[in-house]
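From a predicted model like this one, the values you see are computed outputs, not experimental measurements. No hydrogens, no waters, no symmetry mates; every other heavy atom, side chains included, goes into these values. Every chain is numbered from 1, with letters handed out A, B, ... down the list of sequences.
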2 protein chains.
Amino acid sequence: MTGGDEHPLALGALDGGERQTLTDRATVAIRAAIVDGRLRAGELYSVARLAERLEVSRTPVREALLLLERQGMVRFERNRGARVLKSSAHDLDEVFALRLLLEVPAARRAAELIGAHELEQLAEVLAAMREHVGDADERAFMAHDRRFHELLLAAAGNRRLVGVVGSLRDFVRFRGASTVGRGRDLSAIYEEHVRILDALRAGDPAAVGAAMRDHLVHTRELLLAADPAGDGEAAGEPPWPARLS
Amino acid sequence: MTGGDEHPLALGALDGGERQTLTDRATVAIRAAIVDGRLRAGELYSVARLAERLEVSRTPVREALLLLERQGMVRFERNRGARVLKSSAHDLDEVFALRLLLEVPAARRAAELIGAHELEQLAEVLAAMREHVGDADERAFMAHDRRFHELLLAAAGNRRLVGVVGSLRDFVRFRGASTVGRGRDLSAIYEEHVRILDALRAGDPAAVGAAMRDHLVHTRELLLAADPAGDGEAAGEPPWPARLS
DNA sequence: CCATAACATGTGACATGCTACTCACGCTCG
DNA sequence: CGAGCGTGAGTAGCATGTCACATGTTATGG
């Protein structure tokens, strides 16, 4: 279905930029800002102000916030603004309870279905992940972590699953780099992924499932320990980034 | 042209009178129209036309469609319209695979947590459901079916679970009443819910889980049999359900 | 008759105008 | 000095205007 529009003389396809709407880009930008704390939980933000920061009109910003509202990250308060919701420890428990229910069986299933190409992709992501263990770049590390899970879920053969888990992931904010980002923790998480990939290569569903379960449980503990129950007010963060790319 | 379009798609007079935005009401109206087929799968619809039918401006309609797009029910095609996506048999398998993973453990958990008040609510819904077995009002029956599952999921103590499963449910269109709506089928589904409630009352998690599993598997089969939209590539893919521990 | 170009039409994406509403702040009055 | 109140700034929600673009149709050249 995702066929080949591979025209031989593909005239200079406007490469880098896929046809993406401003709403899409605003969604990504705002979600990222919420996740890493540049937009603080509990605070009210107005569509107009955000639109100024992003240098777009109010419309795409409002549409982006509506999507994020549906996802549970913000809530519109009529005539007041959009409030960034805090994620409590209880929310984190809920998310990981569901991820356990979904990702562990999915990992088992992936062990049966996965092909050489997918294994290769996972290995590449893992290599990139390893890079960031050393420099303690939590942000980049987490991006690859996410990609790893996405590939694995896709390998389980259920497309919808990828979206559901992705949406669950988005709800979890990780605080400043000083929390999860300890080199030791990143290293441990990396090793857990290695174990998952090894079990996948061995084609051992039970082992893959167990490795995934351990990884999720451990990740939950790290996030829980890193969350001093609210506020946290990371110091010296730049208020908000400049525009979308 | 297009001769049809008999259905005004009127967005119902809002019920109790809760302060609801037009976007919310449009979302509900359009989703309902898609689910029961008044908006046909595979067809293109324009925001402006839908706005006319709903007698609101384009803005809330577009916002509603964006939410439904995120949910996977429609897809915007630039300068063409919003296409209602068809749900293939494969999609149905995906949805029910995830529902099995989530709702069976949730049902078991609910058996441990549920209180007298929730049991009472479930019994009420079940009674209402029974009413519609006789008159074969599939639409009303399904609404109560949905409510039953929502209550049960809520009783499992994970709020997010309710939303996730609800979103999965929405993707499944049930064809005309002539398909699933046979009295025999409705009666069977009703009996399955009775079995679930009985097991809940008995406080037997294993029995509740088994009953929920049977119910979901059966429902999936009914919907699959009722879906004549084979269009070739439909059947043939093995789900990957039913493997959970 | 066919291929191609020019045009007309309809569309999503985005910008902007408008209105009812909320709430903080300062003023008045007791 | 304190409580009540009006008022103005700011907001979401909704309506509408604008524009580039995709597509169907017609005109034109071979």
Original post:
With respect to the phosphate group of C:dC14, does any side-chain polar atom (N or O) of A:Thr59 fall under 4.0 Å of OP1 or OP2?
Top reply: no
Original post:
What integer distance in Å separates B:Gln20:CD from D:dG13:P?
Top reply: 12 Å
Original post:
OP1 or OP2 of C:dA13 less than 4.0 angstrom from a side-chain nitrogen or oxygen of B:Arg62, does that happen here?
Top reply: yes
**OP:** Take atom CG of B:Leu54 and atom C1' of D:dA15, then tell me their distance rounded to the nearest Å.
**Re:** 15 Å
Subject >> B:Glu52 CD to C:dT11 C1', straight-line distance once rounded to whole Å >> reply: 13 Å
**OP:** Taking only the side-chain nitrogens and oxygens of B:Ser46, find out if one of them lies under 4.0 Å from OP1 or OP2 of C:dT11.
**Re:** yes
Original post:
Is there a donor and acceptor pair, one atom on the side chain of A:Arg49 and one on the base of D:dG10, closer than 3.5 Å?
Top reply: no
**OP:** Report the secondary structure of DNA chain D in dot-bracket form, marking unpaired bases with a dot and bases paired to a different strand with |, and treating Watson-Crick or G-U pairs with both distances under 3.5 Å as paired.
**Re:** ||||||||||||||||||||||||||||||
Subject >> Side-chain ion pair, B:Glu52 and B:Arg49, N-O less than 4.0 Å >> reply: no
Original post:
Between A:Leu22 (CG) and C:dG12 (P), how many Å, whole number?
Top reply: 17 Å
Original post:
Do A:Gln71 and A:Arg31 come close enough that some side-chain heavy atom pair is under 4.5 Å?
Top reply: yes
**OP:** Identify whether NZ of Lys or CZ of Arg in A:Arg146 sits under 6.0 Å from the centre of the six-membered ring of A:Phe141 and within 45° of that ring's axis.
**Re:** no
**OP:** Could you tell me the separation between the CZ atom of B:Arg58 and the C1' atom of D:dC19, rounded to a whole number of Å?
**Re:** 12 Å
Subject >> Whole-Å gap separating P (D:dT11) and CG (A:Leu65) >> reply: 13 Å
**OP:** For the pair B:Arg160 and A:Asp93, find out whether any cationic side-chain nitrogen is under 4.0 Å from an anionic carboxylate oxygen.
**Re:** no
Original post:
Which of residues 66-82 of chain A sit near DNA chain D, with a heavy atom under 4.0 Å from it?
Top reply: A:Phe76, A:Glu77, A:Arg78, A:Asn79, A:Arg80, A:Gly81, A:Ala82
Subject >> Per A:Val47 side chain, nearest of listed nucleotides D:dC14, C:dC14, D:dA12 >> reply: D:dA12
**OP:** Mind telling me whether B:Phe148 and B:His193 have parallel, tilted or perpendicular rings, with 30° and 60° as the class edges?
**Re:** perpendicular
Subject >> Within-4.5 Å side-chain heavy-atom neighbours: B:Met142 and B:His132 >> reply: no
Subject >> Over all atoms of both residues, closest heavy-atom pair of B:Leu92 and B:Leu223 >> reply: CD1-CB, 3.6 Å
Subject >> Other residues, nucleotides, ligands: >12 heavy atoms within 6.0 Å of A:Arg99 CZ >> reply: yes
Original post:
Rounded to whole angstrom units, what separation is found between the CG atom of A:Leu44 and the C1' atom of C:dC23?
Top reply: 12 Å
Original post:
Between B:Phe76 and B:Arg62, is there a cation-pi geometry (under 6.0 Å to ring centre, at most 45° from the normal)?
Top reply: yes
Original post:
According to a strict under-4.0 Å criterion, is B:Thr23 in side-chain N/O contact with OP1 or OP2 of D:dC14?
Top reply: yes
